[in-house]
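Reading through the structure tokens given below for one structure.
Since the structure is predicted, the reported quantities are computational estimates derived from the model, not experimental observations. Note that these values count all heavy atoms, side chains included, but never hydrogens, waters or copies made by symmetry. Chain A is the first sequence line, chain B the second, and so forth, proteins listed ahead of strands; every chain is numbered from 1.
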Amino acid sequence: MQCHHRHQHSLLSFIRPLSASSLLEMVGLSIGEKHFIQGGIAQDLRSDGRKRLTIRPIYVETGVISQANGSARVRMGATDVIACVKAELGRPNALQPDKGKVVVNVDCSPTAAPMFEGRGGEELSAELSVALQRCLLGGKSGSGAGIDLSSLVVVEGKICWDLYIDGLVVSSDGNLLDALGAAIKAALSNTGIPKVNVAAGASGDEQPEVDVSDEEFLQFDTSRVPVIVTLTKVGRHYIVDATSEEESQMCLAVSISINRQGHICGLTKRGGAGLDPSIILDMISVAKTVSEQLINTLDSHIAAAEAGEEES
Amino acid sequence: MEYVSPEGLRLDGRRPMEMRQIRAEIGVVAKAAGSALFEMGNTKVIAAVYGPREVQNRSQQLNDSALVRCEYTMANFSTGDRMRKPKGDRRSTEISLVIRQTMEACIMTHLMPRSQIDIFVQVLQADGGTRSACINAASLALADAGIPMRDLVTSCSAGYLNSTPLLDLNYIEDSAGGADVTLGILPKLDKVTLLQMDAKLSVETFENVMQLAIEGCKAVATYIREVLLENTKQLEYRRGI
């Protein structure tokens with residue numbers, strides 16, 4: 001089965017916006033190059049020398065934004081993203097008084113590609129934000145969320161922490177979702193949430209007085225935060241950590257978020273082509289193996305980055 | 001409020017004529033023609049240059065010179081309080097324009113007719129002097145992209161608080177309400193290409209403050225040259241010459 005050609009992609013984008021089709025514009029490939037990429041994937045030797053299920057080396061740097069509660073920069077090849085966590089005190093939602101709130105938002109900087117200038121990056125930003133929200137936060141009720149929302153409550157029903165997670169794409173060479181997921185995980189492990197002392201005695205509907213400590217911080221538990229593994233199908237095969245050239249040749253992509261326990265926390269399928277249900281199950285088991293590898297690499301990098309930051 | 005202590009120290013411990021720590025890095029965005037990261041204390045910006053390339057919008061094409069475009073964006077997390085700002089607000093548009101005009105003045109646009117050069121600056125962290133940091137980063141990114149320029153533009157700000165001229169204001173000093181002079185110069189040609197000031201100053205004081213800003217710009221220029229030279233040496237080394 002051959003992948004869609006360029007004109008078919010642009011036709012599809014009228015039906016529904018695809019990040020792949022919008023990214024396609026900036027990758028100008030000749031027919032020979034397309035065949036080279038597809039052929040390489042079929043033979044399990046990709047253009048950069050990787051196998052189909054090998055991820056690019058990851059570089060993690062934490063504490064890059066000193067004004068934030070937590071931040072991290074993650075580079076995978078030429079893809080470079082920054083994630084930043086800011087915590088603010090707020091009021092829990094009336095329907096979920098025992099849970100804090102987390103908002104994920106992604107921006108694509110025009111530095112990554114000229115097409116993101118002005119409002120050009122909004123469509124992709126929205127797609128990435130929603131996919132991350134789905135992968136990390138679970139459903140509307142907040143149950144099954146990768147991030148433990150109940151740890152963000154200070155006083156039930158009255159005060160909670162609102163976590164604002166901002167992602168920024170600085171340089172883009174494919175696989176943005178996985179890189180953002182990794183950056184968010186790293187930023188969360190870098191996050192210190194100030195200790196809050198609640199003045200006793202407030203009763204009824206009164207908002208209790210709080211004292212936010214600027215010395216004591218609570219480390220955020222990130223052991224359950226999932227990573228995202230995107231499997232991109234090119235031709236008959238699927239690959240992990242696709243570059244933008246490879247993404248331009250994809251027919252579909254499935255992003256699976258998996259935590260350390262091996263639980264699937266969220267799933268997104270992008271791209272127009274249909275998929276055999278048995279292949280989806282196969283993809284999930286492959287993603288699970290890759291995620292173990294990714295989590296281990298990421299954890300050791302995060303630990304190294306944290307140690308390096310404390311030293312300096 | 002006291003911005004300069006009786007001992008002559010500023011809020012962040014600097015002397016009045018002292019700059020914040022500056023740091024620059026070249027080639028931070030792999031896919032761009034040229035890119036640079038520039039830090040002045042806590043202010044941190046990234047600039048990327050794309051081009052010279054074909055003009056995207058044909059009606060903007062200039063037959064005798066290159067079209068220079070610039071976009072300034074601030075990350076959501078760049079300010080102290082997280083704020084969701086719509087893209088293209090008045091402040092960003094104005095800064096984009098300032099950067100574009102300043103860079104246009106130093107690029108030899110007549111050598112690249114019917115082409116387009118895009119400069120994108122992204123503020124990662126804002127702590128005063130973003131305008132200056134953006135111009136310095138853009139200058140480095142243009143140099144990294146190998147775009148012909150008359151000279152490097154460098155920029156620095158200076159202000160006047162507690163009857164003392166201060167170099168390189170940070171956010172607290174910037175929002176103190178005193179005068180803030182942002183200056184951009186072509187250090188080799190010794191020409192001023194950008195000058196902005198808010199609030200009022202007597203002519204004599206202005207002279208002092210501007211002189212201080214010029215010194216700042218020259219210091220930045222020296223540093224930028226060092227960074228470029230180091231980068232070129234590394235390129236040379238990698239080529240094995």
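- Here the shortest heavy-atom pairing between A/Ser244 and B/Lys31 reads OG-NZ, 3.1 Å.
- In terms of modelled atom types and a separation under 3.5 Å, the side chain of A/Lys86 and the main chain of B/Phe77 share a donor-acceptor contact.
- Each of A/Pro110, A/Pro114, A/Ser109 was scored for a side-chain contact (heavy atoms from CB on, under 4.5 Å) with B/Glu71, with one residue passing: A/Pro110.
- Taking a 6.0 Å sphere around CE of B/Met149, one finds it holds more than 12 heavy atoms contributed by other residues, nucleotides or ligands.
- Within a 6.0 Å radius of OH in B/Tyr171, other residues, nucleotides and ligands contribute 12 heavy atoms or fewer.
- Here B/Asp118 contributes atom CG and A/Thr111 contributes atom OG1; the two are 12.0 Å apart, rounded to the nearest 0.5 Å.
- The two residues B/Ala30 and A/Ala78 make their nearest non-hydrogen contact at CB-CB, 3.4 Å.
- Heavy atoms of A/Asp80 lying under 4.5 Å from chain B belong exclusively to its side chain.
- Remark: B/Gln21 CD is loosely packed, at most 12 non-hydrogen atoms of other residues, nucleotides or ligands lying under 6.0 Å away.
- In this structure, CG on A/Asp107 lies 5.0 Å from CG on B/Asn76, to the nearest 0.5 angstrom.
- Under a cut-off of 6.0 angstrom, the local environment of CD in B/Glu2 is crowded, with over 12 non-hydrogen atoms contributed by other residues, nucleotides or ligands.
- Under the 3.5 Å distance criterion, the side-chain polar atoms of A/Gln67 are matched with a main-chain donor or acceptor of B/Ala126.
- At a 4.5 Å heavy-atom cutoff, the contact between A/Val64 and chain B is made by backbone and side-chain atoms alike.
- No more than 12 heavy-atom neighbours from other residues, nucleotides or ligands sit within 6.0 angstrom of CD1 on B/Ile172.
- When the shell of 6.0 Å around CZ of A/Phe36 is examined, it contains 12 or fewer heavy atoms from other residues, nucleotides or ligands.
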Might you work through the side chain to side chain contact (heavy atoms under 4.5 Å, CB included) test for B/Gln122 and A/Val170, ending with a clear yes or no?
CA-CA 8 Å; B/Gln122 171 78 51; A/Val170 177; 5.8 Å; no

